Amino acid sequence: MSTVNVGIAYAVLSALIFGVYLFVMKRWFTEYPSPVFLLLTYSIVPIVYLPIVFVSNEPFLPAGNRINVLSSILAVTAVTAVGLLTLFRAIRVGEVSYVSPISKIVPVFVLPLEVGLLGQHLSPLQVGGVVVATAAVYVANWQGTALLAPLKRARQSRPAQLALLSAAAFALVDVSKRVLMQELAIEPTTYIPVMAVGIAVLMTPLAFRYQVPPGWRGDLPKFVVAAMFVAYANHIVLLSFQLLPASIVSPIVNGQAIVAVILGAIVLDEAQFRARLAAAGLAIVGIAMISVG
């Protein structure tokens with residue numbers, strides 16, 4: 001199997017795991033304010049990730065450039081926090097059916113960022129595959145309104161502007177992960193614990209503004225499961241970033257939304273199931289185009 005196909009396999013697997021994670025979030029944690037959920041989940045991530053760190057042959061921090069490694073990871077973590085907070089704020093002040101499709105067009109920003117900043121070259125077929133896979137994510141989040149309505153209203157809508165800011169932030173995160181994994185050769189076993197602690201620290205002051213549901217201790221096993229999803233899905237996606245450009249990985253990984261909405265349509269009997277299936281078909285076609293190209 002070629003390096004490209006191995007990287008695509010990692011990206012697809014991480015999308016499947018992240019998709020189940022999104023579905024679990026919706027089933028288990030709807031009563032938790034977002035900062036509280038993120039604080040509790042990401043505080044547990046380093047603990048459940050310890051087995052991977054222990055079996056790894058790589059040093060936790062490379063000798064000689066530890067300050068550079070830590071500062072780089074923390075910078076990406078800060079941008080990740082911006083993406084999370086702007087997304088949650090957009091959902092809070094706007095309609096989910098309007099915000100969600102816009103927030104998932106991350107690959108639209110990734111491609112020009114990577115081409116412009118890193119000089120990445122993709123074949124025309126791969127560029128087409130990125131476009132098709134991005135369209136699949138958009139369609140998966142469509143809630144039955146006019147397909148282009150969210151984009152048409154974007155210039156004058158505060159929720160849309162926040163959703164676009166979130167998408168741009170996550171695009172910068174994806175490109176940065178590619179740089180960290182390839183150019184700086186940082187291992188996932190270094191990135192994930194530092195990132196998780198960073199997110200937990202950044203969420204702490206925000207979480208204290210909300211009242212934690214009284215039964216949160218009884219939900220700790222569920223938070224452990226959520227943390228395992230976060231830890232191991234991130235590990236797999238970082239393996240993909242070690243092998244492929246961000247412009248290829250990002251549309252595949254963002255296909256997690258398709259997994260989540262199909263699960264929601266089947267298990268929760270949510271609407272727009274045909275649109276979800278169409279999105280899944282588009283995603284498969286896009287991934288095939290990227291792989292062949």
Side-chain angles (χ1 to χ4, degrees), residues 14 18 21-22 24-26 29-30 32-49 67-94 96 99-100 102-107 109-110 113 117 158-181 184 186 188-210 212 216 223 226-235 237-238 241 246 249-250 253-254 256-257:
S14 66
F18 271 127
Y21 164 67
L22 292 176
V24 165
M25 282 175 57
K26 186 170 184 178
F29 302 109
T30 52
Y32 285 88
S34 300
V36 174
F37 168 77
L38 292 169
L39 170 60
L40 292 173
T41 301
Y42 279 83
S43 295
I44 300 172
V45 165
I47 300 172
V48 299
Y49 190 64
I67 299 299
N68 185 36
V69 167
L70 283 174
S71 60
S72 299
I73 296 175
L74 290 175
V76 177
T77 299
V79 179
T80 302
V82 170
L84 289 169
L85 292 174
T86 51
L87 175 58
F88 290 138
R89 178 62 178 168
I91 291 173
R92 186 172 292 115
V93 300
V96 174
V99 168
S100 186
I102 299 175
S103 68
K104 294 302 181 183
I105 59 172
V106 176
F109 295 100
V110 170
L113 276 174
L117 297 178
R158 183 64 173 169
Q161 292 167 359
L162 289 167
L164 284 171
L165 178 59
S166 173
F170 282 122
L172 185 57
V173 168
D174 282 351
V175 174
S176 299
K177 284 180 180 177
R178 175 261 169 99
V179 173
L180 294 180
M181 295 301 110
L184 298 183
I186 295 174
T189 47
T190 299
Y191 179 87
I192 291 174
V194 176
M195 177 274 298
V197 171
I199 292 292
V201 169
L202 289 171
M203 292 299 147
T204 297
L206 299 173
F208 278 108
R209 297 172 55 187
Y210 298 91
V212 180
W216 71 271
F223 279 104
M228 292 175 68
F229 275 115
V230 171
Y232 298 129
N234 270 290
H235 181 85
V237 77
L238 291 177
F241 276 116
V249 176
S250 183
V253 174
N254 277 280
Q256 61 189 263

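Keep in mind the model is a prediction, meaning the values are calculated, not measured. Values below: every heavy atom of this structure, side chains too, minus hydrogens, waters and symmetry copies.
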Taking only residues two or more places apart in sequence or in another chain, which ones pass side-chain contact (heavy atoms from CB on, under 4.5 Å) with Val48?
Ile44, Val224, Ala227, Met228, Ala231

Roughly how far, to the nearest 0.5 Å, is the OG atom of Ser250 from the NZ atom of Lys177?
9.5 Å

In short, Gly83 meets Ser166 closest at the heavy-atom pair O-OG, 3.0 Å

Indicate the atoms forming the closest heavy-atom contact of Pro188 with Pro193, along with that distance.
O-CD, 4.0 Å

List in chain and number order the residues that pass side-chain contact (heavy atoms from CB on, under 4.5 Å) with Ala233, two or more places apart in sequence or in another chain; answer none if no residue qualifies.
Ile17, Phe18

Please list, chain by chain and in numerical order, all residues satisfying side-chain contact (heavy atoms from CB on, under 4.5 Å) with Leu165, sequence neighbours excluded.
Thr86

What pair of heavy atoms forms the shortest contact from Leu84 to Phe170, and how long is it?
N-CZ, 3.6 Å

Any Leu38 side-chain heavy atom under 4.5 Å of Leu206 side chain:
no

Rounded at 0.5 Å granularity, tell me how far OH in Tyr42 sits from CZ in Phe37.
8.0 Å

Rounded distance [0.5 Å steps], OG1 in Thr190 versus CE in Met181:
8.0 Å

Beyond-backbone contact of Tyr191 with Phe241, side-chain heavy atoms, under 4.5 angstrom
no

If you define the side chain from C-beta out and look only at heavy atoms, does anything of Val249 sit under 4.5 Å from Val237?
yes

To check you understand the geometry: which heavy-atom pair defines the closest contact between Thr77 and Met195, and what is its length?
OG1-CA, 3.5 Å

Tell me every residue that passes side-chain contact (heavy atoms from CB on, under 4.5 Å) with Val201, counting only those two or more places apart in sequence or in another chain.
Val197

Using the test side chain to side chain donor-acceptor pair (under 3.5 Å), find all partners of Tyr49 that sit at least two apart in sequence or belong to another chain.
His235

Side chain to side chain, Tyr32 and Tyr210, heavy atoms closer than 4.5 Å:
no

If you define the side chain from C-beta out and look only at heavy atoms, does anything of Thr41 sit under 4.5 Å from Met203?
no

Between Val253 and Ser14, which heavy-atom pair has the shortest distance, and what is it?
CG2-OG, 3.6 Å

For Ala169 and Val79, which heavy atoms make the closest approach, and how far apart are they?
O-CG1, 3.5 Å

Side-chain donor/acceptor pairs under 3.5 Å, residues 67-76, sequence neighbours excluded:
from  : atom 1 : to    : atom 2 : distance (Å)
Ser71 : OG     : Ile67 : O      : 2.9
Ser71 : OG     : Asn68 : O      : 3.0
Ser72 : OG     : Asn68 : O      : 2.7

